[in-house]
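Remember, it's a predicted structure, so these values are computed and weren't measured experimentally. Worth knowing before you read on, the calculation uses all heavy atoms, side chains too, and leaves out hydrogens, waters and symmetry mates.
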Amino acid sequence: MGRTIREANLASRDARKKLEARAKPYWRLIEPGRHLGYYCGARGSSWIARVFLGRGKYAERTLGLADDTTPADGVAILDFKQAIESARGWFLENHPDTRGTRIGPYTVSNAATDYMNWFRDNRKSANETQRTIDAFIGPNLGTIEA
């Protein structure tokens with residue numbers, strides 16, 4: 001499970017003008033595990049899409065330039081809505097099975113499994129934590145909806 005990001009207001013040119021230039025993009029959640037990014041550097045700005053692949057990894061793609069100084073043409077220069085549409089198209093074509101959403105209720109057992117997946121990637125002693133979850137959480141709380 002990816003870490004929580006702080007969303008930036010990217011919808012309008014005026015809001016984007018307030019953002020400082022930096023090396024990493026500003027991200028906005030489109031769907032669980034799928035984000036639209038806005039990179040504003042010293043020489044210009046662009047739109048980026050990223051999708052969470054699991055185990056702390058993302059796939060990213062530059063969609064086009066942002067319409068901060070030049071009107072959008074829908075191909076090389078995109079406004080906010082066009083960037084979202086382009087990102088969704090890329091997600092569906094290249095990553096249709098990485099939605100990150102579940103069918104049915106999200107239970108305590110689902111949360112414990114997601115935590116263990118994160119824990120294995122980021123911590124040590126995963127075996128001990130898994131034994132604790134299997135012994136105490138799963139049998140007693142596993143079917144409770146979160």
Side-chain angles (χ1 to χ4, degrees), residues 1-127 129-130 132-134 137-138 141-146:
M1 176 153 268
R3 64 186 166 125
T4 303
I5 62 169
R6 186 174 173 197
E7 289 196 1
N9 182 0
L10 307 176
S12 71
R13 286 183 189 175
D14 291 334
R16 294 191 303 264
K17 284 180 186 177
K18 296 176 184 176
L19 300 174
E20 295 181 22
R22 66 181 195 181
K24 296 196 177 218
Y26 291 90
W27 296 105
R28 178 155 182 161
L29 181 70
I30 296 176
E31 299 169 358
R34 296 168 180 218
H35 299 91
L36 176 66
Y38 172 74
Y39 169 77
C40 60
R43 296 185 195 159
S45 54
S46 59
W47 296 109
I48 303 161
R50 81 173 179 183
V51 62
F52 183 67
L53 301 174
R55 300 195 176 269
K57 295 182 182 177
Y58 289 88
E60 293 183 4
R61 177 173 186 238
T62 301
L63 303 171
L65 299 175
D67 68 332
D68 294 340
T69 57
T70 308
D73 64 11
V75 180
I77 303 171
L78 306 173
D79 64 21
F80 178 71
K81 288 181 183 178
Q82 292 167 338
I84 288 178
E85 289 173 13
S86 180
R88 284 189 170 136
W90 179 68
F91 297 147
L92 290 174
E93 289 176 23
N94 298 286
H95 303 283
D97 58 341
T98 56
R99 279 222 179 265
T101 58
R102 296 181 187 276
I103 297 172
Y106 189 71
T107 64
V108 172
S109 287
N110 297 137
T113 299
D114 288 344
Y115 174 75
M116 283 308 301
N117 289 336
W118 171 85
F119 193 87
R120 284 186 188 97
D121 292 338
N122 299 290
R123 306 273 185 222
K124 299 184 190 245
S125 73
N127 291 336
T129 302
Q130 185 65 60
T132 302
I133 288 172
D134 291 343
I137 296 175
L141 305 171
T143 58
I144 297 173
E145 291 183 21

*Asks:* Measuring from Leu29:CG to Arg34:CZ, what's the distance to the nearest 0.5 Å?
*Replies:* 11.0 Å
*Asks:* Show the nearest heavy-atom pair for residues Lys24 and Tyr39, with the distance to one decimal.
*Replies:*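 Nearest heavy atoms, Lys24 then Tyr39: C-CD1, 4.5 Å.
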*Asks:* If I compare all heavy atoms of Cys40 with all of Ser45, which pair ends up nearest, and what's the gap?
*Replies:*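 For Cys40 versus Ser45, the nearest heavy atoms are CA-CB, 4.0 Å.
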*Asks:* With sequence neighbours excluded, what pairs up with Tyr38 under the ring pair (Phe, Tyr, Trp, His ring centres under 6.0 Å) test?
*Replies:*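 Per chain and number, Tyr38 pairs via ring pair (Phe, Tyr, Trp, His ring centres under 6.0 Å) with Trp47.
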*Asks:* May I ask you to decide whether Asp68 forms a salt bridge with Lys17, counting only side-chain N to carboxylate O separations under 4.0 Å?
*Replies:* no
*Asks:* Grab the two heavy atoms, one from Arg13 and one from Asp67, that are nearest each other, plus how far apart they are.
*Replies:*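 Taking Arg13 first and Asp67 second, the nearest heavy atoms are NE-O, 2.8 Å.
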*Asks:* From Leu36 CG over to Glu31 CD, what is the distance, rounded to the nearest 0.5 angstrom?
*Replies:*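 Nearest 0.5 Å value for the CG-CD distance: 11.5 Å.
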*Asks:* Let me have the donor-acceptor pairs involving side chains of residues 72-90, under 3.5 Å, with sequence neighbours excluded, atom names and distances please.
*Replies:*
residue	atom	partner	partner atom	Å
Asp73	OD1	Val75	N	2.8
Asp73	OD1	Ala76	N	2.9
Asp73	OD1	Ile77	N	2.9
Asp79	OD1	Lys81	N	3.2
Asp79	OD1	Gln82	N	2.8
Gln82	OE1	Asp79	N	3.0

*Asks:* Which heavy atom of Tyr26 sits nearest a heavy atom of Glu20, and at what distance?
*Replies:* OH-O, 2.8 Å
*Asks:* Which distance, rounded to the nearest 0.5 Å, do you find between the CD of Gln130 and the CD1 of Ile133?
*Replies:* 5.5 Å
*Asks:* Can you list the residues that meet the salt bridge (charged side-chain N to carboxylate O under 4.0 Å, His left out) rule with Arg61, with sequence neighbours excluded?
*Replies:* none
